[in-house]
2 protein chains.
Amino acid sequence: MEETHKKILLVEDDPNFGAVLKDYLSINDFEVTLAKNGMEGFEKFKKDNFDLCILDVMMPYKDGYTLAREIREKNKEVPIIFLTAKSMKEDVLKGYKVGADDYLNKPFDSEVLLMKIKAIIQRKASETKTDNAKFEFQIGRFHLNSKLRFLTFDKEEPIKLSPKENELLKMLALHENDLMPRELALTKIWRDDNYFTSRSMDVYIAKLRKYLKPDEDVEILNIHGEGFRLVVKNKVEEK
Amino acid sequence: MEETHKKILLVEDDPNFGAVLKDYLSINDFEVTLAKNGMEGFEKFKKDNFDLCILDVMMPYKDGYTLAREIREKNKEVPIIFLTAKSMKEDVLKGYKVGADDYLNKPFDSEVLLMKIKAIIQRKASETKTDNAKFEFQIGRFHLNSKLRFLTFDKEEPIKLSPKENELLKMLALHENDLMPRELALTKIWRDDNYFTSRSMDVYIAKLRKYLKPDEDVEILNIHGEGFRLVVKNKVEEK
DNA sequence: TTAATATATTAACCAAAGATTAACAACGAT
DNA sequence: ATCGTTGTTAATCTTTGGTTAATATATTAA
């Protein structure tokens with residue numbers, strides 16, 4: 001099989017170190033885009049489709065965590081590795097909360113980084129299946145555009161959905177008339193499954209129910225202890 | 001929500017450190033099995049079904065890598081985290097080669113370990129969502145969807161079943177026209193076989209009988225001292 | 001036939017899960 | 001500095017699910 005090179009976004013403010021690392025990765029068959037700071041990193045991220053992001057934590061203007069959060073808003077899947085000079089616990093924990101896939105303290109061995117990269121990309125590769133290609137859904141008389149986060153009822157003015165509302169509704173729509181396990185939404189959208197995220201999710205279910213009220217035939221049902229089910233009754237054949 | 005605790009196999013030869021770590025993980029809602037060496041670790045691994053393995057690298061007789069390789073032979077999926085006192089490059093690389101999911105140098109911060117564990121288990125959880133066990137059964141004129149916990153009679157409105165009702169009926173259906181031993185349901189569904197769970201099960205049998213009343217040809221019979229039998233009479237061939 | 005054991009059925013009770021609204025905190029955009 | 005958006009936590013209430021108790025009926029062995 002023709003192996004198309006994996007694309008890496010490298011955000012590192014130290015020009016020397018950045019260049020060296022970029023070269024090293026390039027030699028090892030990765031296609032590397034280098035950004036000098038968080039701002040530039042985010043711009044480049046939006047313009048392309050990366051398989052992995054490597055972010056320096058300590059950067060002027062916008063640090064790695066902030067950048068990571070922005071990236072996560074756009075893309076829930078892409079693996080993120082943090083580079084940091086200091087190894088303070090708070091920083092590491094913060095990184096994992098933001099959804100880091102790994103963490104590396106500078107100075108580090110480049111071969112180790114390479115191994116981690118390979119391990120992570122391979123992991124993601126095996127996960128990727130039911131993925132984010134689809135972003136438009138017909139839900140009874142509603143139409144959801146999950147890219148624009150618009151929910152439109154018939155021909156009325158679209159309602160703007162918040163990121164979480166949007167993801168949750170999308171996840172429900174992907175399982176239309178079938179069980180959408182609680183755990184799935186929690187781990188995928190909230191990235192953690194505990195009492196509080198679970199309560200939070202309930203709040204969002206309530207919000208969505210309110211939005212969906214205008215169509216009698218659309219309902220979000222609960223399956224006690226399991227999850228939710230988006231049902232659409234009286235469904236007419238779509239041409 | 002039915003939060004079933006994740007099982008962790010911890011293999012660590014230092015008894016003090018092992019006990020402390022085990023306690024720490026237990027407090028954080030993991031079910032931990034501690035093994036004192038590679039040999040014991042592998043035995044325990046084979047006997048149970050773990051969600052994660054944490055292996056010390058430096059152990060007498062059988063080191064962590066060797067154990068990891070054996071574990072990988074049995075199970076390609078289970079995440080493995082290595083603990084090591086030394087952080088020599090070769091070791092780290094060796095770990096990743098064996099298929100480690102992460103690597104941690106001793107001494108390490110336990111909160112960091114906890115974060116890593118959660119991140120890794122969550123990752124795996126989202127991978128394993130392709131659950132295609134059988135969940136639909138035809139029982140006379142009834143149809144059971146045990147995923148949605150719906151029992152439908154002919155074309156009427158589905159009845160919602162509680163988790164226990166659902167599991168019990170499913171178990172009966174799996175043994176249709178055959179003996180479903182009391183003990184089986186008790187150990188599988190109630191996870192305990194004693195006087196009270198047995199009474200509880202009787203209650204559920206009564207509930208199911210009530211649900212199944214509409215179809216004359218469907219009955220749950222008792223086999224004294226043995227168990228129950230879901231019989232379907234006058235069965236017509238399904239095309 | 002009777003005593004002992006097993007099963008049936010209904011109701012009472014309690015705990016866990018979910019629904020809903022409101023208060024609050026974080027943060028970006030004026 | 002203020003405002004609007006977003007998301008989390010809290011408080012309260014409702015629903016659901018499961019066990020236990022109480023009582024009645026069956027079955028079996030002696």
Side-chain angles (χ1 to χ4, degrees), chain A residues 38-39 42 61-63 65-70 72-73 76 94 97-99 149-151 159-169 172 179-183 185-186 189-213 219-229, chain B residues 1-4 148-151 159-169 172 179-183 185-186 189-213 219-229:
Chain A
M39 239 68 80
F42 191 52
Y61 309 121
K62 185 187 288 187
D63 74 14
Y65 301 119
T66 312
L67 175 56
R69 227 175 290 117
E70 292 177 349
R72 269 282 166 270
E73 265 191 37
K76 287 263 176 297
K94 200 169 166 191
K97 282 239 174 64
V98 174
R149 304 208 310 257
F150 276 172
L151 180 64
I159 303 165
K160 289 198 291 180
L161 298 182
S162 83
K164 282 245 162 40
E165 290 167 351
N166 178 58
E167 300 245 16
L168 185 55
L169 185 52
L172 285 163
L179 170 68
M180 196 271 317
R182 250 194 128 83
E183 197 212 337
L186 289 173
I189 301 176
W190 273 266
R191 314 200 124 258
D192 191 12
D193 179 352
N194 61 44
Y195 175 79
F196 293 107
T197 54
S198 207
R199 282 326 95 230
S200 193
M201 173 169 169
D202 288 339
V203 172
Y204 276 85
I205 289 288
K207 291 180 184 178
L208 291 183
R209 286 196 171 122
K210 197 171 281 178
Y211 289 143
L212 296 176
K213 211 147 226 169
E219 263 182 306
I220 297 176
L221 301 184
N222 174 256
I223 300 179
H224 199 96
E226 298 287 329
F228 294 92
R229 200 160 78 93
Chain B
M1 194 173 69
E2 161 90 14
E3 178 70 36
T4 166
L148 300 178
R149 302 207 310 252
F150 274 174
L151 179 64
I159 302 165
K160 291 200 290 179
L161 298 183
S162 85
K164 283 246 157 53
E165 291 167 352
N166 178 58
E167 295 204 59
L168 184 55
L169 184 53
L172 285 163
L179 171 68
M180 196 267 325
R182 247 195 131 82
E183 196 214 336
L186 288 173
I189 301 176
W190 273 265
R191 292 152 175 280
D192 191 10
D193 180 352
N194 61 44
Y195 175 79
F196 292 107
T197 54
S198 204
R199 281 328 93 231
S200 194
M201 173 169 168
D202 289 339
V203 172
Y204 277 85
I205 290 288
K207 290 180 183 178
L208 291 182
R209 286 195 171 121
K210 193 175 282 178
Y211 290 144
L212 296 176
K213 214 148 226 168
E219 264 183 306
I220 297 175
L221 301 184
N222 175 256
I223 300 175
H224 198 93
E226 299 288 329
F228 295 92
R229 201 159 79 92

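Each chain gets a letter, A, B and so on, in the order the sequences are listed, and its residues count up from 1. Please read these numbers as outputs of a predicted model, since none were measured by experiment.
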I need the [atom1]-[atom2] distance between [X] and [N], as an integer number of Å.
{"X": "B/Ile205", "N": "D/dT19", "atom1": "CD1", "atom2": "P", "result": "14 Å"}
{"X": "A/Glu226", "N": "C/dA16", "atom1": "CD", "atom2": "P", "result": "18 Å"}
{"X": "A/Leu208", "N": "C/dG18", "atom1": "CG", "atom2": "C1'", "result": "15 Å"}
{"X": "A/Ile220", "N": "C/dG18", "atom1": "CD1", "atom2": "P", "result": "14 Å"}
{"X": "B/Tyr211", "N": "C/dT10", "atom1": "OH", "atom2": "C1'", "result": "14 Å"}
{"X": "B/Arg191", "N": "D/dT19", "atom1": "CZ", "atom2": "P", "result": "13 Å"}
{"X": "A/Arg209", "N": "C/dA19", "atom1": "CZ", "atom2": "C1'", "result": "7 Å"}

Rounded distance (nearest 0.5 Å) linking atom [atom1] of [X] with atom [atom2] of [Y]:
{"X": "A/Ile159", "Y": "A/Lys210", "atom1": "CD1", "atom2": "NZ", "value": "12.0 Å"}
{"X": "B/Thr197", "Y": "B/Tyr204", "atom1": "OG1", "atom2": "OH", "value": "12.5 Å"}
{"X": "A/Leu179", "Y": "A/Leu221", "atom1": "CG", "atom2": "CG", "value": "11.5 Å"}
{"X": "B/Leu208", "Y": "B/Ile220", "atom1": "CG", "atom2": "CD1", "value": "5.0 Å"}

Detail all sub-3.5 Å separations between protein N/O atoms and N/O atoms belonging to nucleotides 6-9 of chain D.
| unit_1 | atom_1 | unit_2 | atom_2 | d |
| --- | --- | --- | --- | --- |
| D/dG7 | OP1 | A/Lys164 | N | 3.2 |
| D/dG7 | OP2 | A/Ser162 | OG | 2.2 |
| D/dG7 | OP2 | A/Tyr204 | OH | 3.3 |
| D/dG7 | O5' | A/Tyr204 | OH | 3.2 |
| D/dT8 | OP2 | A/Trp190 | NE1 | 2.9 |
| D/dT8 | OP2 | A/Ser200 | OG | 2.8 |

Could you check if a side-chain atom of [X] sits within less than 4.5 angstrom of a side-chain atom of [Y], using non-hydrogen atoms only?
{"X": "A/Leu168", "Y": "A/Phe228", "result": "no"}
{"X": "B/Arg149", "Y": "B/Pro163", "result": "yes"}
{"X": "B/Glu183", "Y": "B/Leu186", "result": "no"}

**Prompt:** So which heavy atom on B/Phe150 is nearest to which on B/Lys160, and how close?
**Reply:** CE2-CG, 3.6 Å

Would you tabulate the nitrogen or oxygen pairs shorter than 3.5 Å linking the protein to nucleotides 25-30 of chain D?
none

**Complete:** salt bridge (Lys or Arg N to Asp or Glu O under 4.0 Å) pairs touching residues 192-207 of chain B, sequence neighbours excluded, are B/Arg182-B/Asp202, B/Arg199-B/Asp202

**Asked** Which part of the nucleic acid does B/Phe228 contact within heavy-atom distance under 4.0 Å: base, sugar-phosphate only, or nothing?
**Response**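 Sugar-phosphate: the residue B/Phe228, judged by heavy atoms under 4.0 Å, touches backbone atoms but no base.
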
**Asked** With a non-hydrogen cut-off below 4.0 angstrom, is A/Asn222 in contact with a base, only sugar-phosphate, or nothing?
**Response**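 If one applies the 4.0 Å heavy-atom cut-off, A/Asn222 turns out to touch the sugar-phosphate alone, with no base involved.
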
**Request:** Name the residue closer to the 5' end of DNA chain C, choosing between B/Arg182 and B/Lys210 according to the nucleotide with the nearest heavy atom.
**Result:**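 By nearest-heavy-atom nucleotide position, the 5'-most residue is B/Arg182.
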
